[in-house]
> 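Structure incoming, see below.
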Amino acid sequence: MRKRTITLALLLCLILTACGGREDSRSQGLFQRASGMDEDAVLLTVDGREVPAWRYLYWLDRGCGRLQEQYRSAGLPLDWNAPLEGGTLADYVKDQALADTALYATVENWAETYGCALDEEDQAALESVWMEEAAEHGGEEAYLQVLADMGMDRGRMEELSGTGRLYAKLYRLYATEGSGLAPEAEALEAFAQDQGWITVDRVLAAAGEDRESARQRAAEAFARLNIAEDLTAEFTALAAAGDDPAGPRTLTLGDGTLNQELEAAALALETGQCSGILETEEGFSILLRRETDRSGVEEAYFDHLLQKAAESSAVQLTEAYEALDPATFTAELAQARSERTKG
């Protein structure tokens, strides 16, 4: 499968359109009509977990829809047989849907491994969101119709949104020191470095209209730092009084937070080390390399681990999967939806 980036929002987004336990019979058969498959039949397995056809077809439908909209917006014809690296456009969209399917299955596999399960509080939260969504769509019947047009029903959407709740439980376990999922500090730091994340603070004397005065202010600040008993405390005070009081910021190399010269200087520093006076068009800067701020790093690392597990999972595909053609599926699905609307 192709590498993909995930976020907490991706896995939890379906909580905003989910849940409960009753089914709507009007949604049954929409995917079957488009694919010729039994929607509840096993289409593939992920590390031994059986995945019914409707789950994969749900992601395939979303992926095909996004692709069609992109081509439509660009005013370009969509050729499913257009060659891409490793296959065609049709292969690509199937791979993306498979990645989403494997990701959700991996969350569920992890939840079983680490003893995470939905409880009464989760069910109550999902029920509350269901009521809110139904109200926003004009009532439960109207909302069920929306789901039906997606090939879904309340029970099916509950499964997917419930996976989002499991993801949240897994992350809380991961964030609990000493748990079986808790990351090691060294692993977090190595991940941050691999991603090109560094945390720096800056004392800035902006050049303004009097560059020499700014140069002098920077020299005075540098002198104070050289005799400071507590370098970090002194630097923090000088930075707050300078022309860039933003404080420590975590940046990704190349993101434009600092210009290339300052970025290179920051990267060359060891943690806790202070730079010399760095002159740029903006003025005169002194940088302090701090320990990488783990807020944000921890969540990204968890998603990285989960994504890696999904990508390396043992996926067994059936003949029905191999025979599935996105172009035909999309056309048949559009026809089935049109007939539903007319009916």
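The analysis underlying the following values was restricted to heavy atoms, covering all of them including side chains, and did not include hydrogens, waters or symmetry mates. The model shown is predicted, which means the values in this text are computed figures rather than measured ones.
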> Just verifying a value: how many Å separate Leu181 CG and Thr176 OG1, rounded to the nearest 0.5 Å?
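With rounding to 0.5 Å, CG (Leu181) is 9.5 Å from OG1 (Thr176).
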
> Any chance the rings of Trp110 and Tyr167 have centres within less than 6.0 Å?
no

> So Phe235 and Asp230, side-chain contact (heavy atoms from CB on, under 4.5 Å) or not? Walk me through it.
CA-CA 9 Å; Phe235 197 99; Asp230 187 335; over 6 Å; no

> So does Gln260 have more than 12 non-hydrogen atoms from other groups sitting under 6.0 Å from CD?
no

> Anything under 30° is parallel, anything over 60° is perpendicular, the rest tilted; go ahead and classify Tyr171 against Phe302.
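Rings of Tyr171 and Phe302: perpendicular, as their planes differ by over 60°.
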
> Heavy-atom count check: over 12 atoms from other residues, nucleotides or ligands less than 6.0 Å from Glu291 CD?
no

> Would you please indicate yes or no on a ring centroid separation below 6.0 angstrom for Phe31 and Tyr56?
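Not close enough - the centres of the two rings lie 6.0 Å or further apart.
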
> Give a yes or no on whether a salt bridge exists between Arg337 and Asp149, defined as a side-chain N under 4.0 angstrom from a carboxylate O.
no

> Could you measure the distance from the OG atom of Ser179 to the CZ atom of Arg172? Nearest 0.5 Å is fine.
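Atom-to-atom, Ser179:OG and Arg172:CZ are 12.5 Å apart.
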
> Any salt bridge linking Glu212 with Arg215? Criterion: basic side-chain nitrogen under 4.0 Å from a carboxylate oxygen.
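Here Glu212 pairs with Arg215 in a salt bridge, since their nearest N and O are under 4.0 Å apart.
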
> Considering residues at least two apart in sequence or located in another chain, which fulfil the side-chain contact (heavy atoms from CB on, under 4.5 Å) criterion with Gln195?
Phe191, Trp197

> Could you give the distance from CG (Leu43) to OG1 (Thr318), rounded to the nearest 0.5 Å?
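The distance works out to 4.5 Å.
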
> Under 4.5 Å between any side-chain heavy atoms of Thr330 and Trp80, yes or no?
yes

> I'd like to know whether CD of Glu322 has more than 12 heavy-atom contacts from other residues, nucleotides or ligands below 6.0 angstrom.
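Yes - once you tally the heavy atoms of other residues, nucleotides and ligands closer than 6.0 Å, there are more than 12.
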
> Evaluate the side-chain proximity of Leu98 to Asp100: yes if any heavy-atom separation is below 4.5 Å, no if none is.
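Side chain of Asp100 against side chain of Leu98, heavy atoms only: no contact under 4.5 Å found.
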
> For residues Ala148 and Leu30, report the shortest heavy-atom separation together with the two atoms involved.
O-CD2, 3.4 Å

> For Ala207 versus Ala214, what's the shortest heavy-atom pair and its separation?
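Shortest heavy-atom separation between Ala207 and Ala214 comes out as CA-CB, 3.8 Å.
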
> Listed by chain and number, what are the side-chain contact (heavy atoms from CB on, under 4.5 Å) partners of Glu189, not counting sequence neighbours?
Gln193, Thr292

> Once you round to the nearest 0.5 Å, how far does CD of Glu261 lie from CD of Glu282?
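Nearest 0.5 Å value for the CD-CD distance: 11.5 Å.
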
> How long is the gap from CZ on Phe222 to CG on Leu278, to the nearest 0.5 Å?
9.5 Å

> So do Asn81 and Leu89 actually touch side chain to side chain, heavy atoms under 4.5 Å?
no

> Quick check: closest heavy atoms across Leu144 and Trp130, and the distance to 0.1 Å?
CD2-CH2, 3.6 Å

> Do Leu118 and Leu166 come within less than 4.5 Å of each other through their side chains, counting heavy atoms only?
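The answer is yes; the side chains approach within 4.5 Å.
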
> What are the two closest non-hydrogen atoms of Ala192 and Val297, and how far apart are they?
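What the structure gives for the nearest pair is CB-CG1, 4.2 Å.
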
> For Arg217 and Asp210, run salt bridge (Lys or Arg N to Asp or Glu O under 4.0 Å): C-alpha distance rounded to whole Å, both residues' side-chain angles, the deciding distance at 0.1 Å, then the answer.
CA-CA 11 Å; Arg217 286 188 286 118; Asp210 190 346; over 6 Å; no

> May I ask whether Leu333 and Val146 are part of the same hydrophobic cluster, defined by side-chain heavy atoms of I, L, V, M, F, W, Y residues being less than 4.5 angstrom apart, directly or through others?
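Yes, one cluster joins them.
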
> What is the distance from atom CD of Gln96 to atom CG of Asp91, rounded to the nearest 0.5 Å?
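Gln96 atom CD to Asp91 atom CG measures 11.5 Å (nearest 0.5 Å).
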
> Quick test of your reading of the model: are Glu270 and Arg289 salt-bridged, counting only N-O distances below 4.0 Å?
no

> Let's go through Gln335 and Glu339 carefully: what are the C-alpha distance in whole Å and the side-chain angles of both, what is the deciding distance for side chain to side chain donor-acceptor pair (under 3.5 Å) to 0.1 Å, and is it a yes or a no?
CA-CA 6 Å; Gln335 178 63 29; Glu339 292 175 1; 3.0 Å; yes

> Determine, for Arg249 against Asp293, whether the closest basic-nitrogen to carboxylate-oxygen distance falls under 4.0 angstrom.
no

> Among residues at least two apart in sequence or on other chains, which ones pass salt bridge (Lys or Arg N to Asp or Glu O under 4.0 Å) with Asp47?
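For Asp47, no residue satisfies salt bridge (Lys or Arg N to Asp or Glu O under 4.0 Å) once neighbours in sequence are set aside.
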
> For the salt bridge (charged side-chain N to carboxylate O under 4.0 Å, His left out) test, which of Glu50, Glu108, Glu39 pairs with Arg55?
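Testing each of Glu50, Glu108, Glu39 against Arg55, the sole residue satisfying salt bridge (charged side-chain N to carboxylate O under 4.0 Å, His left out) is Glu108.
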
> Answer yes when Arg72 and Glu69 have at least one side-chain N-carboxylate O distance shorter than 4.0 Å, and no when they do not.
yes

> Checking Thr106 against Asn109: is there a side-chain donor and acceptor pair closer than 3.5 Å?
no

> Looking at Tyr321, does the NZ or CZ of Lys94 lie under 6.0 angstrom from its six-membered ring centre and within 45 degrees of the ring axis?
yes

> Any sub-3.5 Å donor-acceptor pair from Arg224's side-chain atoms to Leu238's backbone N or O?
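A pair under 3.5 Å: no.
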
> For a quick test of reading the model, state the closest non-hydrogen atom pair linking Tyr71 to Pro77 and the distance between them.
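That closest heavy-atom pairing would be CD2-O, 3.4 Å.
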
> How far apart are the closest heavy atoms of Asp38 and Ala53, and which atoms are they?
O-CB, 3.6 Å

> Side-chain donor-acceptor pair under 3.5 Å between Ser285 and Arg202, yes or no?
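Judged by distance alone, the side chains do pair up.
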
> Would you call Glu112 and Lys169 a salt bridge, using N to O less than 4.0 angstrom?
no

> Do Leu258 and Leu251 come within less than 4.5 Å of each other through their side chains, counting heavy atoms only?
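SC-SC contact between Leu258 and Leu251 confirmed.
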
